[in-house]
Protein chains: 2
Amino acid sequence: MTTETILVIDDDQDLRESIVEILENNDFAASGCDSAETALEKVKVTTPRLVILDNMMPGMGGMALMPLLKKDYPNIKIIMITAFSTVENAVAAMKSGADDYLSKPFRREDLLVTVRRNLEELKFASQLSEPGMDDALACLANPIRRQILATLAREKQMRFMNLTRELEISDHTKVNFHLKNLKMNNLISQNREKAYHLTPEGEKMVDCLQLLFKKISS
Amino acid sequence: MTTETILVIDDDQDLRESIVEILENNDFAASGCDSAETALEKVKVTTPRLVILDNMMPGMGGMALMPLLKKDYPNIKIIMITAFSTVENAVAAMKSGADDYLSKPFRREDLLVTVRRNLEELKFASQLSEPGMDDALACLANPIRRQILATLAREKQMRFMNLTRELEISDHTKVNFHLKNLKMNNLISQNREKAYHLTPEGEKMVDCLQLLFKKISS
DNA sequence: CCGGGTTGTGAAATCCAGTTCACATAACTC
DNA sequence: GAGTTATGTGAACTGGATTTCACAACCCGG
């Protein structure tokens, strides 16, 4: 967990400080801010990924601040604090751009669950561009490599020439190229008899492909 | 279900015909064969994907036939019928290349379950090289496209320039290129206000990516 | 209606995955 | 051990994917 800052915007000092404290006690980096106006300044410097915002404040209210924040920082997540738990409040908050909401009064656990859920979603976005993901998908992008994985999943293990014939590819060096690729990505390996077989990682990948296929063709 | 032929090789006429009948009653295309020698001839013509083979037969036994079959048709699945259910029998059968086994006596249900399972595995192999799969994975292979999908999953909808800024890519035409690609693959589309958003297909794809990621990083 | 931001196109340039080719070494067969 | 098949490597080549560039139509506020 890096220094992921959470900004808490609330004019009620007690509530604000109590939220910040709860968050800090749970290893989040949080800071407070007592009005929408100062908040706008503060995000310029700290650029938080998550904002907790009271919708009722003197001056500019939370509802008014939200679109401004979203406009300049579309990837910021906003958790709105609404005074009473009514369906209307919740719907209104979500409609105007909140990603989640908390109804006063809320328990410490409600707060933490909501914060964690939203940070989790943020994390997902960055995961998609992670290097591991990149290699894996590049590997899977090639139909020959997928065929190889599928064949090995079926036959458990296979020697080079058998595999080549099975795939009905005339040029054996082409197969070799893709085998090397798969080997480098740790999806397959060879035993002493030079037979290729899936690694545990490779098997996971095959599982993934099956899942993918079911999803896509559903 | 195409005309997927299953070849039943057993010298015991009663058992053989009963197996074929059970299979045919369950919409499989099955045919019988009373010895290993005739089986070798028959596979040349029918090239079944699945073979059910008795290991005890006069003349060439099932154990001897198996490697011959596997050599010429490595993608054939073999279900071995062993006389008694002992661990040794089962292990021996699997070791010499059987993909599955049935111990006599078995119930109609055992047979069907085993056959279905093995056909299912065969089906998977061909799925992996299907065209739909190809497009989808090629699309996902590019990190920028994944980022776009992830961003749209988070923000629900976004206009062109906002998206470009969000991704921190200086050249907007590059983003446009990938957007066009995603559009062509029906993963995103634009509403009247020109805002991009995920299509139902695109959402499925994002789900897939999340699954993939969880699998990979587990 | 002027100027600036937005949204987009098509062609040229570039890059890189994938293919092909020429060759080499081990392994097995007779 | 001679010949054949299996397994593998590296370099050159090819084509498609990606990037860059030059340009243009659009919309919109002042």
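A note on names: the letters A, B, ... follow the listed sequences, proteins ahead of strands, and every chain is numbered from 1.
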Are [X] and [N] close enough that a side-chain N or O sits under 4.0 Å from OP1 or OP2?
X	N	result
A/Tyr196	D/dA6	no
A/Arg159	D/dT7	yes
A/Gln190	D/dG8	yes
B/Asn142	D/dT18	yes

Nearest whole angstrom, please: distance from the [atom2] of [N] to the [atom1] of [X].
X	N	atom1	atom2	answer
A/Arg192	D/dT7	CZ	P	15 Å
B/Arg146	D/dT18	CZ	P	11 Å
A/Arg165	D/dT7	CZ	C1'	12 Å
B/Asn181	D/dA17	CG	C1'	9 Å
B/Asp171	D/dC21	CG	P	8 Å
A/Phe160	D/dT9	CZ	C1'	11 Å
B/Lys180	D/dT20	NZ	C1'	14 Å
B/Asp135	D/dG16	CG	C1'	14 Å

Is there a side-chain contact between [X] and [Y] (heavy atoms, below 4.5 Å)?
X	Y	result
B/Leu182	B/Leu152	no
B/Asn191	B/His197	yes
A/Met57	A/Ile9	yes

*DNA chain C: 5'-proximal contact among A/Phe177 and A/Lys194 (nearest heavy atom)*: A/Phe177

*Hey, does B/Glu193 reach any base, or is it just sugar-phosphate, or nothing, if we go heavy atoms under 4.0 Å?*
nothing

*Contact class for A/His172 (heavy atom, under 4.0 Å): base, sugar-phosphate, or nothing?*
base

*If you take all heavy atoms of A/Phe160 and A/His172, which pair is closest and at what distance?*
CZ-O, 3.3 Å

*Please identify each residue that fulfils side chain to side chain contact (heavy atoms under 4.5 Å, CB included) with B/Lys183, with sequence neighbours left out.*
B/Ile188, B/Gln190, B/Tyr196

*Name the first nucleotide and the last nucleotide along DNA chain C (5' to 3') that come under 4.0 Å of a heavy atom in chain A.*
C/dG18 to C/dA22

*Run the numbers on B/Arg146 and A/Asp134 for salt bridge (charged side-chain N to carboxylate O under 4.0 Å, His left out), then give the verdict.*
CA-CA 10 Å; B/Arg146 288 202 305 277; A/Asp134 218 60; 2.6 Å; yes

*asked:* Using a 3.5 Å distance criterion without hydrogens, assess whether the side chain of A/Asn142 forms a donor-acceptor pair with backbone atoms of A/Ile144.
replied: yes

